[in-house]
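Heads up: the structure comes next, in structure tokens.
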Protein chains: 2
Amino acid sequence: MNQPGESLRDRKKRRTRAALERATVRLAAERGYDHVTVEEIAAEADVSVRTFFNYFASKDEALIGADPEAGPRMAERITSAADEVPPFEAYRSSVLAEITEELNNARDLWLLRKEVLMQRPDLLVRAFASSAESEQLLANAVAARAGLAESDLYPRLVVAAGSAAFRCAVTRWADDDSLSLGVLVAEAFDAFGTGLAHAPRR
Amino acid sequence: MNQPGESLRDRKKRRTRAALERATVRLAAERGYDHVTVEEIAAEADVSVRTFFNYFASKDEALIGADPEAGPRMAERITSAADEVPPFEAYRSSVLAEITEELNNARDLWLLRKEVLMQRPDLLVRAFASSAESEQLLANAVAARAGLAESDLYPRLVVAAGSAAFRCAVTRWADDDSLSLGVLVAEAFDAFGTGLAHAPRR
DNA sequence: GGACCTTTTTGCAGTCACTGCAAGTTTGCA
DNA sequence: TGCAAACTTGCAGTGACTGCAAAAAGGTCC
């Protein structure tokens with residue numbers, strides 16, 4: 001008896017994951033990332049500590065709430081873009097799509113994360129460590145589209161630029177949120193696209 | 001009675017640090033990063049575990065052997081470059097100088113690190129987390145040179161591009177070391193300089 | 001060489017993230 | 001209802017990392 005979309009089990013899992021993510025972000029914003037133990041987070045979300053680690057490989061991961069399906073989803077978008085779209089543009093728009101969707105669904109969480117990341121910018125860098133695997137996936141998709149070998153430097157650079165764009169946009173946004181995060185990410189992407197050799201004039 | 005350069009104490013410290021770094025890299029290459037405990041590393045270097053943590057904030061840091069003075073040194077090089085050098089170029093050459101020097105002094109260590117990083121690419125990403133502080137320093141130097149506010153996006157992007165260039169070059173080099181690491185880093189920098197919008201043809 | 005101060009090393013006790021394993025519980029399905 | 005697969009949980013254990021206070025050097029002055 002299975003709705004094509006979601007079984008009871010699936011719904012419960014999604015809710016538990018979301019609860020853990022929320023609890024992590026909320027508590028970390030409230031009293032500082034390392035004054036919160038996984039034990040407290042689990043209690044807040046009403047599950048055991050062991051269950052926390054069934055959902056997230058680390059406390060860091062829970063703070064960022066990296067969606068395990070985001071990687072594959074973006075890779076899919078890249079490979080299925082229209083033929084005439086150049087590889088960088090395909091990558092760029094697949095990342096932007098993912099991010100705007102994320103921001104629409106969880107803007108409140110990002111506002112809290114901002115508080116945490118302002119205190120501990122290194123956490124944002126660490127967050128990307130866990131996505132090293134997805135990066136490989138995306139790089140391969142970009143390589144295929146560009147007609148380059150998977151070992152080529154270019155696809156790696158494109159993907160790394162994406163991480164960097166997001167990372168810089170977030171830190172900039174944490175400093176001063178007069179511009180929306182989405183806009184900042186787009187701007188960062190453009191800069192990587194056209195090259196950093198010439199500094200902008202303001 | 002102090003040679004202007006180095007006292008006995010200073011020499012001992014440098015030697016201990018180097019021994020810990022070497023021990024970490026050697027053992028990790030030999031039997032896998034997480035089959036080596038800090039206890040074993042400390043024993044190999046003939047110091048106590050507590051002393052290990054007086055030198056390095058984490059096992060990760062010891063593996064990469066991040067020089068705490070590298071950040072300031074590069075920042076200094078950036079600000080003291082000739083006036084007509086554009087900011088990106090100043091940054092680029094200060095990073096390349098640092099890297100080539102490092103590679104000349106410790107080529108053997110990098111060959112061992114390669115082994116470790118091939119198994120665990122995420123360690124390279126994590127390594128940059130600890131340098132979040134230096135990044136700020138460098139970004140400010142670039143901002144000053146570009147005549148931009150410290151809050152501007154551009155300097156952050158330049159610095160992040162540097163990390164990304166290094167990171168991609170290392171992973172590429174680990175896959176296939178027919179090109180030297182120094183050359184790969186330079187190539188990656190160039191790509192960021194001229195922009196990623198157009199994929200290269202090979 | 002010895003007294004005295006500063007820096008470094010060390011041991012120890014403690015916290016906490018994270019893991020494997022072996023039940024126990026819940027859900028999906030016939 | 002009954003069985004199998006998927007989840008949750010507790011438990012015991014490992015190992016990274018920290019603060020503290022005492023021991024060991026190193027540096028300096030006489």
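Within every chain, numbering begins at 1; the chains are lettered A, B, ... in the order of the sequence lines, protein sequences first and strands thereafter. In this text, all values refer to a predicted model and were calculated from it rather than measured experimentally.
Looking at R73(A) and E101(A), no side-chain N of the basic residue comes within less than 4.0 Å of a carboxylate O on the acidic one, giving no salt bridge. Under a 4.0 Å N-O distance rule, the pair E21(B)/R17(B) does not qualify as a salt bridge. The pair R172(A)-D152(B) does not meet the salt-bridge criterion, since no charged nitrogen lies less than 4.0 angstrom from a carboxylate oxygen.
Distances shown here put a side-chain N or O of T51(A) below 4.0 Å from the OP1 or OP2 atom of dT9(D). Between S7(B) and the phosphate of dG27(D), there is a side-chain N or O to OP1/OP2 separation shorter than 4.0 Å.
Residue E39(B) contributes atom CD, which lies 14 Å from atom P of dC17(D) at whole-angstrom precision. In this structure, the CD atom of E6(A) is 15 Å from the P atom of dT27(C), given to the nearest Å. We find that NZ of K59(B) is positioned 8 Å from C1' of dG15(D), with the value rounded to whole Å. Rounded to an integer number of Å, the gap from R126(B) CZ to dC17(D) P is 9 Å. dC17(D) atom P lies 12 Å from atom CG of D60(A), rounded to whole Å. Atom pair H35(B):NE2 and dT19(C):P shows a separation of 13 Å (rounding to whole Å applied). In this structure, CZ of F52(B) is placed 18 Å from C1' of dG19(D), rounded to the nearest angstrom. A straight line from CD of E40(A) to P of dC16(C) spans 8 Å, rounded to a whole angstrom.
No contact: F56(A) has no heavy atom under 4.0 Å from any strand. Looking at heavy-atom distances under 4.0 Å, V49(B) makes no contact with the nucleic acid at all. When heavy atoms are screened at a 4.0 angstrom cut-off, Y55(B) is found touching the sugar-phosphate backbone but no base atom.
Looking at residues 13-29 of chain A, you'll see that no heavy atom sits under 4.0 Å from any atom of DNA chain C.
A donor-acceptor contact closer than 3.5 angstrom links the side chains of T51(A) and S48(A). Of the N and O atoms on the side chains of D176(A) and S178(A), at least one donor lies less than 3.5 Å from an acceptor on the other residue.
Using a 4.5 Å heavy-atom cutoff, the side chains of E102(B) and D67(B) are not in contact.
A perpendicular orientation is assigned to the rings of F128(A) and F166(A), their planes being inclined by more than 60° (bins at 30° and 60°).
Among dT9(C), dC17(D), dG10(D), the nucleotide with an atom closest to any side-chain atom of N54(B) is dT9(C). Closest to the side chain of R50(A), out of dT19(C), dC16(C), dG15(D), is dT19(C).
Cation-pi geometry between K59(A) and Y33(A) is met: the NZ or CZ atom falls under 6.0 Å from the ring centre, inside 45° of the normal.
Taking 3.5 Å as the limit, the base of dG26(D) and the side chain of R11(B) contain no donor-acceptor pair of atoms between them. The base of dT26(C) is paired with the side chain of R9(A) by a donor and an acceptor separated by under 3.5 Å.
Two residues, K12(A) and F53(B), neighbour DNA chain D, and the one matched to the more 5' nucleotide by heavy-atom proximity is K12(A).
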